[in-house]
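All chains are named by letter (A, B, ...) in the order of the sequence lines, taking the proteins before the strands, and each is independently numbered beginning at 1.
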Amino acid sequence: MGTTFWAMYYEGRREDASATRDKVMRDFEAQLRLELPTLFRVAKRLARSSEEAEDLVGQTLLSAYKSKHTFDGLYFRSWLIRILRNEFNSVLRKESSRPALVLEEPEGIVEPFWDEVSWRVDAETILRELDNLTEEHRLIIQLCDVEELSYEEASSALDIPLGTVRSRLFRARARLRENLAGKIAVEGGTR
Amino acid sequence: MTQIDWQAYLDGSLTPEERTRAEQILAESEDARREVDGLKSFLSTLREAALNERVPMDRLEALIPAATKPRWNWRLAGVGLAAAATIALFLLIPRGPNVHDDLIETSDPVVAANWVQPLMPFKVPPIRLGGDRPLVLLHHTRTSCCFDFRVKGSIYHVNVFSPPVRTEGKEVTLSTGISARQKGRRVGWSQNDLVFVVAGQNPETSLEVASAASESLQKY
């Protein structure tokens with residue numbers, strides 16, 4: 001029996017990962033520089049202030065540098081975001097004794113009114129409501145909808161299964177839409 | 001209302017069968033088209049809004065650990081010292097500091113300052129805070145260096161820049177009488193023709209660290 005398709009596929013992935021890893025190791029500084037805007041935006045979505053985001057990015061870069069040998073060669077951006085999130089959580093742990101609970105909300109029925117939301121709200125309102133979401137929800141939206149990470153990359157960055165990425169993103173968008181729709185109802189709108 | 005998950009459709013995560021069904025519905029239903037267009041438009045507005053937030057690239061780039069490996073200052077090491085002997089000593093004698101490409105793990109500020117000196121465009125002062133506040137490591141970029149101290153269980157960064165670097169925030173006075181600026185957990189001031197910025201977890205402790213660093217600089 002010859003080599004199966006999947007064996008070839010995984011072998012290819014291993015070779016790709018190895019090539020990516022070599023490339024990243026050769027020019028670690030340049031690769032970090034490329035990821036700075038994404039790291040800063042994700043940090044800001046977590047920390048919610050530019051100042052704290054900068055501190056978080058600085059700590060992430062240092063940790064990444066010290067543990068660069070642990071990069072598996074698959075998704076550099078996801079690896080950095082995972083470090084960033086760990087740094088953020090370690091700060092939270094130090095600042096609060098509150099345990100970080102991961103709550104998956106039950107899925108509700110979603111009515112189709114994206115078109116109602118999309119043309120009535122401005123960028124500032126969207127960002128404000130995005131920042132009002134839970135940490136998990138604003139992070140998944142930032143990764144998938146803003147930074148355009150694939151489900152697979154987001155799964156690696158957040159260390160959660162692919163199915164959870166999909167369901168969490170669905171719920172996060174629904175929550176954001178609900179909050180924005182609430183804003184429209186309160187503030188009114190014209191069509 | 002259809003049973004199609006339009007978000008999954010736009011994300012490209014439907015199965016081929018679900019996708020075929022979704023496209024059939026889109027061809028037939030104006031409501032479905034409106035929903036998908038609305039979602040597309042919303043996601044595009046969201047992305048544009050989030051990507052338009054300002055990213056302080058200059059400050060972020062200064063945080064990147066430089067890949068350049070520092071060179072030993074051979075003149076300081078002694079002109080007559082043979083390279084082979086140095087390497088042998090380097091390998092055989094147990095060393096205190098743990099030297100990486102762009103950072104040095106040491107509790108001795110003099111060792112740290114001497115190590116980074118050849119790469120810095122200014123004279124690096126060996127900063128020590130005293131008391132129970134040891135230096136953990138020193139790291140650097142191409143134009144600045146940063147002493148990391150452990151203070152009350154957290155890391156406090158004392159960044160050293162050559163001017164001009166703008167510091168902002170409310171005016172505060174350090175224990176040395178030098179005027180500084182504090183914004184949140186950062187304290188910045190000028191001293192000895194250099195600019196220093198302390199950043200840590202707690203605003204009050206950052207101010208204490210800045211005062212201790214300033215006292216150390218006065219003695220230097």
Side-chain angles (χ1 to χ4, degrees), chain A residues 27-30 32-33 36-37 39-41 44-45 49-55 57-62 64-66 91 94-95 109-119 121-127 130 141-142 144-148 150-151 162 165-166 169-170 173-174 176-177 180, chain B residues 1-2 5-8 11-13 31-57 59-68 100-103 105 137 139 141-142 146 148 153-155 157 159 183-186 199-202:
Chain A
D27 202 354
F28 196 71
E29 187 185 340
L32 281 182
R33 184 169 282 110
L36 283 177
L39 283 180
F40 177 76
R41 284 191 295 263
K44 195 170 172 202
R45 202 91 293 134
S49 91
S50 293
E51 192 182 61
E52 288 184 28
E54 272 182 52
D55 288 349
V57 170
Q59 201 52 43
T60 301
L61 295 175
L62 192 57
Y65 190 84
K66 288 169 84 173
V91 170
K94 279 177 194 159
E95 289 181 351
I109 296 168
V110 179
E111 296 300 328
F113 61 104
W114 281 108
D115 64 321
E116 293 289 323
V117 172
S118 65
W119 62 267
V121 290
D122 55 26
E124 198 183 325
T125 310
I126 290 180
L127 290 182
L130 177 58
I141 285 184
Q142 183 70 28
C144 294
D145 290 341
V146 179
E147 308 301 337
E148 299 189 298
S150 66
Y151 282 10
L162 274 179
V165 171
R166 180 173 162 170
L169 181 60
F170 185 90
R173 285 169 176 167
L176 179 58
R177 178 181 63 180
L180 288 168
Chain B
M1 184 177 160
T2 66
D5 176 354
W6 294 115
Q7 298 186 43
D11 293 339
S13 64
D31 281 351
R33 283 195 296 276
R34 226 179 60 164
E35 169 70 353
V36 170
D37 287 346
L39 177 56
K40 258 193 218 168
S41 164
F42 174 77
L43 292 178
S44 151
T45 310
L46 166 69
R47 183 159 195 272
E48 198 180 323
L51 290 179
N52 277 338
E53 286 183 289
R54 199 181 75 80
V55 176
M57 278 304 284
R59 288 210 297 276
L60 294 178
E61 285 190 349
L63 297 171
I64 293 182
T68 319
H100 302 262
D101 276 359
D102 75 331
L103 62 87
E105 290 180 76
L137 58 87
H139 54 105
T141 69
R142 289 198 173 92
C146 178
D148 286 4
S154 296
I155 294 296
H157 310 277
N159 294 276
K183 188 175 180 189
R185 299 176 290 133
R186 286 166 191 250
Q201 297 293 327
N202 175 284

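- Residues A/Glu29 and B/Glu61 fail the side-chain proximity criterion, which asks for heavy atoms closer than 4.5 Å.
- Atom CZ of B/Arg59 and atom OG of A/Ser50 lie 8.0 Å apart (nearest 0.5 Å).
- Of all the listed residues (A/Val57, A/Asp55, A/Ile141), the one sharing the greatest number of non-hydrogen pairs under 4.5 Å with chain B is A/Asp55.
- In this structure, the portion of B/Asp148 lying under 4.5 Å from any heavy atom of chain A is its side chain and not its backbone.
- The heavy-atom pair separating B/Ala50 from A/Arg41 by the smallest distance is O-CD, 3.6 Å.
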**Study point:** Evaluation steps, side-chain contact (heavy atoms from CB on, under 4.5 Å), between A/Glu147 and B/Arg47
**Key:** CA-CA 8 Å; A/Glu147 308 301 337; B/Arg47 183 159 195 272; over 6 Å; no
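- One distance of note links NE2 of B/His139 with CG of A/Leu61; it measures 10.0 Å at 0.5 Å rounding.
- No side-chain heavy atom of B/Leu60 sits less than 4.5 Å from a side-chain heavy atom of A/Arg33.
- Note that CG of B/Leu43 is 5.0 Å distant from CG of A/Asp145, once rounded to the nearest 0.5 Å.
- At a 4.5 Å heavy-atom cutoff, A/Leu39 makes no contact with chain B through either its backbone or its side chain.
- When every heavy atom of A/Phe40 is checked against every heavy atom of B/Arg54, the shortest pair comes out as CE2-O, 3.4 Å.
- In summary, A/Arg166 and B/Asp11 do not engage in a salt bridge, as defined by a charged side-chain N under 4.0 Å from a carboxylate O.
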Check your understanding: Stepwise, does the salt bridge (charged side-chain N to carboxylate O under 4.0 Å, His left out) test hold for A/Lys44 with B/Glu53?
Key -> CA-CA 10 Å; A/Lys44 195 170 172 202; B/Glu53 286 183 289; 3.4 Å; yes
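- Put simply, the side chain of A/Gln59 reaches to within 4.5 Å of the side chain of B/His157, judged on heavy atoms.
- For chain A, the option among B/Gly12, B/Ser44, B/Pro56 with the highest count of heavy-atom pairs below 4.5 Å is B/Pro56.
- For the atom pair B/Cys146 SG and A/Leu62 CG, the distance stands at 8.5 Å (nearest 0.5 Å).
- Annotation for A/Glu51: atom CD counts as buried by contact number, over 12 foreign heavy atoms lying within 6.0 Å.
- Chain B forms more heavy-atom pairs under 4.5 Å with one residue of A/Gln142, A/Glu124, A/Glu52 than with any other, namely A/Glu52.
- By the 4.5 Å heavy-atom criterion applied to side chains, B/Thr45 and A/Ile126 are counted as neighbours.
- Only the side chain of A/Leu127 comes within contact range of chain B, judged by heavy atoms closer than 4.5 Å.
- A heavy-atom distance below 4.5 Å is found between the side chains of B/Leu137 and A/Lys66.
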